[in-house]
Enquirer: 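Below you will find the structure I want to go over with you.
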Amino acid sequence: MNFISVLTSLLCWTSSQVLPAGLTVSPSRSQFFEGTSVSLSCEEDNSSAGWTVRRNTTRRTRTQCDEWGTSAGSTCNITPMLTDDTGVYWCESREGAASSSIQLTVSGKIRLWS
Ligand SMILES: *[C@@H]1O[C@H](CO)[C@@H](O)[C@H](O)[C@H]1NC(C)=O
Ligand SMILES: *[C@@H]1O[C@H](CO)[C@@H](O)[C@H](O)[C@H]1NC(C)=O
């Protein structure tokens with residue numbers, strides 16, 4: 001295999017990984033490049049339960065969407081993503097119930113010709 005086919009199969013593998021239920025990530029993947037966008041939705045579509053997306057990063061823990069994204073109901077958008085957005089994300093209800101968490105990794109842009 002040459003370099004390009006190794007790279008292609010690696011990209012196909014990372015984008016086909018199945019994410020656990022609870023928090024829905026769109027596009028459905030766990031690896032992102034800096035500058036791209038992501039939409040995080042809490043599956044439970046029940047606004048009275050007050051589901052919000054929270055995250056832990058290396059800098060801060062348990063911060064909620066309003067501090068690093070744009071929230072719309074139980075959906076949170078990050079536009080654009082930065083490498084500092086790498087962390088563990090989950091949904092939490094007002095009562096403190098938490099969904100399973102998802103690790104999202106944001107890589108710097110690949111600079112082929114620098
Ligand atoms: C929505 O959430 C509230 C509070 O947790 C609960 O009492 C209610 O039954 C839920 N409704 C639905 C349709 O899931
Ligand atoms: C987030 O960080 C807090 C405080 O360190 C920790 O208690 C919690 O388990 C972490 N949550 C996840 C989903 O990693």
Side-chain angles (χ1 to χ4, degrees):
M1 284 207 287
N2 63 24
F3 174 72
I4 295 296
S5 57
V6 169
L7 193 65
T8 305
S9 43
L10 191 65
L11 287 175
C12 289
W13 177 75
T14 56
S15 58
S16 65
Q17 278 177 293
V18 179
L19 298 168
L23 177 62
T24 307
V25 182
S26 175
S28 182
R29 55 194 303 174
S30 54
Q31 309 254 336
F32 293 86
F33 285 113
E34 182 182 38
T36 59
S37 302
V38 70
S39 182
L40 305 159
S41 304
C42 295
E43 232 170 45
E44 292 79 359
D45 190 20
N46 183 348
S47 49
S48 66
W51 290 93
T52 51
V53 182
R54 287 182 182 267
R55 77 176 188 189
N56 281 354
T57 62
T58 51
R59 286 155 194 261
R60 301 180 62 200
T61 56
R62 283 181 52 79
T63 50
Q64 56 182 344
C65 178
D66 294 333
E67 299 174 58
W68 37 262
T70 310
S71 63
S74 54
T75 299
C76 183
N77 297 301
I78 312 177
T79 314
M81 292 188 99
L82 303 172
T83 51
D84 282 350
D85 291 316
T86 295
V88 178
Y89 291 74
W90 71 95
C91 289
E92 200 170 300
S93 75
R94 250 196 310 266
E95 293 82 23
S99 72
S100 56
S101 57
I102 293 172
Q103 165 77 46
L104 298 184
T105 305
V106 186
S107 325
K109 285 180 183 128
I110 292 178
R111 289 178 182 86
L112 287 174
W113 327 109
S114 56

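Bear in mind the structure is a predicted one, so any value in this text is a computation, not a measurement.
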Enquirer: Just so I know, are the side chains of Asp85 and Leu104 near enough to count as touching, which here means a heavy-atom distance under 4.5 Å?
Expert: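 Side chain of Asp85 against side chain of Leu104, heavy atoms only: no contact under 4.5 Å found.
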Enquirer: So which atom in Gly22 and which in Cys91 form the shortest heavy-atom distance, rounded to 0.1 Å?
Expert: O-SG, 4.3 Å
Enquirer: For the residue pair Thr63 and Arg54, establish whether any side-chain heavy-atom pair is separated by less than 4.5 Å.
Expert: no
Enquirer: In Å and rounded to the nearest 0.5 Å, what is the OH to CD distance from Tyr89 to Gln103?
Expert: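 Output value for this atom pair is 9.0 Å.
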Enquirer: Look up atom CG in Leu23 and atom CD in Glu92, then write down how far apart they are to the nearest 0.5 Å.
Expert: 12.0 Å
Enquirer: With a 4.5 Å limit on heavy-atom distance, are the side chains of Ser39 and Thr75 in contact?
Expert: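 Sidechains of Thr75 and Ser39: in contact.
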Enquirer: What do the steps show when you test Cys42 against Val53 for side-chain contact (heavy atoms from CB on, under 4.5 Å), and what is the final call?
Expert: CA-CA 7 Å; Cys42 295; Val53 182; 3.8 Å; yes
Enquirer: What pair of heavy atoms forms the shortest contact from Arg55 to Asp84, and how long is it?
Expert: NH2-O, 4.4 Å
Enquirer: Between Asp66 and Ser71, does any side-chain donor sit less than 3.5 Å from a side-chain acceptor?
Expert: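 Yes, a side-chain donor-acceptor pair sits under 3.5 Å.
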Enquirer: Roughly how far, to the nearest 0.5 Å, is OG1 of Thr86 from CD of Gln31?
Expert: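 Answer for the CD-OG1 pair, Gln31 versus Thr86, is 9.0 Å.
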Enquirer: Do you know which two heavy atoms are closest between Trp90 and Ala98, and how far apart they sit?
Expert: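 Answer, listing the atom of Trp90 first, then Ala98: CD1-CB, 3.9 Å.
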Enquirer: To check you understand the geometry: which heavy-atom pair defines the closest contact between Glu34 and Gly108, and what is its length?
Expert: OE1-CA, 3.6 Å
Enquirer: Report yes if some heavy atom in the side chain of Trp68 is under 4.5 Å from a heavy atom in the side chain of Met81; otherwise report no.
Expert: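 No, too far: nothing below the 4.5 Å cut-off.
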Enquirer: How many angstroms lie between CZ in Phe33 and OG in Ser107, if you round to the nearest 0.5 Å?
Expert: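 Going from CZ on Phe33 over to OG on Ser107, the span is 5.5 Å.
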Enquirer: If you apply the rule side-chain contact (heavy atoms from CB on, under 4.5 Å), what do you find for Leu40 with Ile78, and how did you get there?
Expert: CA-CA 8 Å; Leu40 305 159; Ile78 312 177; 4.2 Å; yes
